[in-house]
J.: 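Here you go, one structure.
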Amino acid sequence: MSSPKRMHPIAALLNILQHLKELFIPILLLLFFGNRGESEGMLYLIAVGVGLVLFLVSGFLSWYRFTYRVEENELRIEHGLLVRKKRYIPFERIQSLDVSEGILQRPFGLVKVKVETAAGSGNGEAEAVLTAIKKAEANAIHDLIVSAKRGSNPNEVEAFPDESVIYKMTMPDLLLLASTSGGVGVILSANLAIVFQFEEFIPYERVFQEMEQFISNGIMFISFVVFLGFFFVWLLAVIGTMLKYANFTLRKVEDDFIITRGLFEKRQFTIPLKRIQAIRISENIVRQPLGMATVYVESAGGSSSNEESSKVLFLPIIKRHNITQLLEPYLEDYEWNSKLSPAPPQALVRYLIRGALVSLPVIVVMVYLFQIWGLLSLGLLAVTSLWAYLQFKAAGWSLEQNMVTLRYRLIIKNTVYMRKNNVQSLSVKQSLFQKKKRLATVEAVVKSGQGGSGGKVLDLHEKDIAIIYNWYSRENSTVRME
């Protein structure tokens with residue numbers, strides 16, 4: 001593989017489509033504004049046509065000028081239209097190859113390969129991306145990297161040596177994951193955002209007036225239509241999640257975890273064991289009563305623009321009590337059965353006050369606007385008080401010799417397991433109000449992607465904070481007191 005190679009020509013088309021996607025809105029606006037006059041509109045259409053031709057030529061030249069090769073234990077890439085750029089990536093720097101098969105790649109037997117390194121590219125992107133290469137070439141590059149790190153002959157490297165399947169999602173699990181995910185709100189908010197981008201072209205005021213008149217004549221029918229709309233959005237989210245996580249499989253291959261998933265777009269993630277910084281167990285409000293949870297891995301390295309390379313979905317949905325049994329044989333350095341110490345009783349008042357501060361302004365405004373009917377908004381105070389109580393009950397911590405565990409809740413209940421040598425910093429904060437109650441807040445941060453992640457627990461007792469502080473500060477100097 002020492003001679004320079006070009007990617008498959010489909011890569012040129014993919015580059016063009018990516019550029020067109022980024023300029024879709026400007027082109028759409030040009031087409032809208034180009035209809036004001038016949039001559040002026042023709043000029044706009046010509047401008048759009050010239051722009052499309054330039055994109056076609058640019059996409060072809062970008063593909064033609066891009067070459068890659070493997071030489072002297074390095075992945076060497078050369079690219080650039082006017083200025084020739086060279087990038088040499090030593091195999092020892094490569095942490096993982098993330099492989100995916102898109103709809104356009106699959107008919108040609110191609111894959112997209114993202115090369116991730118410990119330091120990243122410096123601009124938030126992957127170190128290198130091979131948009132369309134043969135599967136056999138991707139496997140050959142993978143084997144060469146593995147053999148170089150072992151110091152062995154690449155011909156002796158097996159595709160999956162010492163492989164064990166840890167987890168494979170079943171169809172019932174996939175249905176449960178899809179129906180209890182948060183994708184509904186994302187899709188709904190995205191649709192609303194897109195619709196209101198065109199307020200200058202769509203007469204919303206007139207539409208709302210007609211709708212108001214129609215509602216007054218058919219409130220039950222409108223309620224049914226709204227229900228169908230929400231159901232349709234929920235159904236889209238369910239289908240999207242099922243397509244994304246179909247055939248989800250987690251394997252342990254020597255010192256790497258390998259995740260494969262997807263139906264239309266097949267993806268493969270490689271997580272080196274040494275890159276794992278923390279384990280996060282998340283329980284949302286729908287799955288928690290069912291005893292279900294989701295497990296994430298916080299991983300060092302990767303690109304900041306791709307959250308999946310740093311916060312990796314490890315176990316999409318699993319019974320909470322099965323997590324220890326499943327992961328303990330493969331992550332032996334983690335203490336899964338530690339008993340967590342809760343927040344002290346005097347912290348409950350502070351949690352309730354924070355909840356009230358969210359709801360009281362809304363209640364005051366509703367009472368002012370609607371007077372006696374506004375008192376119905378007092379129900380919001382009960383809801384936020386209940387949520388504050390759940391946050392108080394979730395708060396907890398534990399220490400082992402080489403690990404700290406923090407548990408907290410915002411909307412989702414999170415339990416974060418962090419090994420001591422992976423904790424980048426530990427912050428302790430205490431306000432004047434906390435000091436009166438002998439309380440403080442602790443936050444531990446690990447490296448995740450190009451930034452940090454971790455856990456933060458509010459209003460623990462001073463003596464508990466001191467234990468955590470002393471545990472970490474004995475061998476570390478990055479404890480911050482605020």
Side-chain angles (χ1 to χ4, degrees), residues 1-31 34 42-72 74-91 93-94 97-117 119-142 144-145 264-267 302-306 309:
M1 299 183 69
S2 59
S3 59
K5 293 185 177 182
R6 291 188 179 91
M7 294 184 291
H8 191 276
I10 197 69
L13 176 60
L14 291 170
N15 288 337
I16 294 169
L17 292 176
Q18 180 63 32
H19 289 311
L20 289 177
K21 177 183 176 182
E22 295 172 356
L23 294 175
F24 176 75
I25 297 298
I27 292 174
L28 195 62
L29 292 176
L30 278 175
L31 291 175
M42 183 60 66
L43 290 175
Y44 277 114
L45 290 176
I46 292 173
V48 172
V50 171
L52 289 176
V53 172
L54 290 176
F55 274 123
L56 290 172
V57 174
S58 174
F60 173 79
L61 292 177
S62 296
W63 164 77
Y64 186 80
R65 297 276 287 172
F66 187 104
T67 62
Y68 68 95
R69 69 183 188 275
V70 173
E71 188 174 353
E72 297 180 0
E74 290 180 331
L75 176 61
R76 300 183 175 182
I77 294 174
E78 299 184 15
H79 63 99
L81 294 179
L82 301 177
V83 179
R84 195 68 172 165
K85 301 177 182 179
K86 298 181 180 181
R87 178 177 295 173
Y88 295 171
I89 309 172
F91 285 166
R93 283 187 55 213
I94 296 176
L97 298 179
D98 291 342
V99 181
S100 61
E101 294 179 55
I103 297 176
L104 292 178
Q105 285 110 335
R106 189 178 302 180
F108 301 95
L110 305 172
V111 295
K112 177 180 179 181
V113 178
K114 285 187 177 182
V115 181
E116 300 283 4
T117 63
S121 64
N123 59 0
E125 302 292 337
E127 187 74 34
V129 179
L130 304 178
T131 309
I133 66 174
K134 291 288 186 180
K135 286 183 182 179
E137 292 182 29
N139 292 333
I141 293 173
H142 171 269
L144 286 170
I145 293 172
F264 288 155
E265 181 185 12
K266 294 184 178 180
R267 302 199 64 179
S303 57
S304 59
S305 62
N306 182 11
S309 65

J.: Sub-3.5 Å donor-acceptor pair from the side chain of Gln105 to the main-chain atoms of Thr131, do we have one?
T.: yes
J.: Between Phe91 and Glu74, what is the shortest heavy-atom contact and its length?
T.: CE2-C, 3.8 Å
J.: Within the side chain of Glu137, is there an N or O that forms a donor-acceptor pair under 3.5 Å with the backbone of Lys134?
T.: no
J.: Rounded to the nearest 0.5 Å, what's the gap from CG on Leu144 to CD on Glu71? Could you check?
T.: 12.5 Å
J.: For Tyr64, is there any backbone N or O sitting under 3.5 Å from a side-chain donor or acceptor partner on Arg6?
T.: yes
J.: In Å, rounded to the nearest 0.5 Å, how long is the span from NZ of Lys266 to CZ of Arg106?
T.: 5.0 Å
J.: Just jot down the ring pair (Phe, Tyr, Trp, His ring centres under 6.0 Å) partners of Phe60, sequence neighbours excluded, or say none.
T.: Trp63
J.: For Leu104 and Ile10, which heavy atoms make the closest approach, and how far apart are they?
T.: O-CG1, 4.3 Å
J.: Measure the spacing between CG of Leu130 and NZ of Lys114 and express it to the nearest 0.5 Å.
T.: 12.0 Å
J.: Donor-acceptor pair, distance only, cut-off 3.5 Å: does the side chain of Arg65 make one with the backbone of Gly80?
T.: yes
J.: Once you round to the nearest 0.5 Å, how far does CG of Leu75 lie from CZ of Arg87?
T.: 10.0 Å
J.: Check whether any side-chain heavy atom of Leu97 sits under 4.5 Å from a side-chain heavy atom of Ile141, and report yes or no.
T.: yes
J.: Which pair of heavy atoms, one from Leu110 and one from Glu101, lies closest together, and at what distance?
T.: O-CG, 3.8 Å
J.: Does some side-chain heavy atom of Arg84 sit less than 4.5 Å from a side-chain heavy atom of Glu78?
T.: yes
J.: Return yes when atom CZ of Phe264 has more than 12 non-hydrogen atoms of other residues, nucleotides or ligands closer than 6.0 Å, and no otherwise.
T.: no
J.: Find the distance between CD1 (Ile77) and NZ (Lys85) and round it off to the nearest 0.5 Å.
T.: 13.0 Å
J.: Nearest heavy-atom pair of Met7 and Ile133: which atoms, and what distance?
T.: CG-CG2, 4.0 Å
J.: Please give me the minimum heavy-atom distance between Val129 and Phe66, naming the atom from each residue.
T.: O-CZ, 3.9 Å
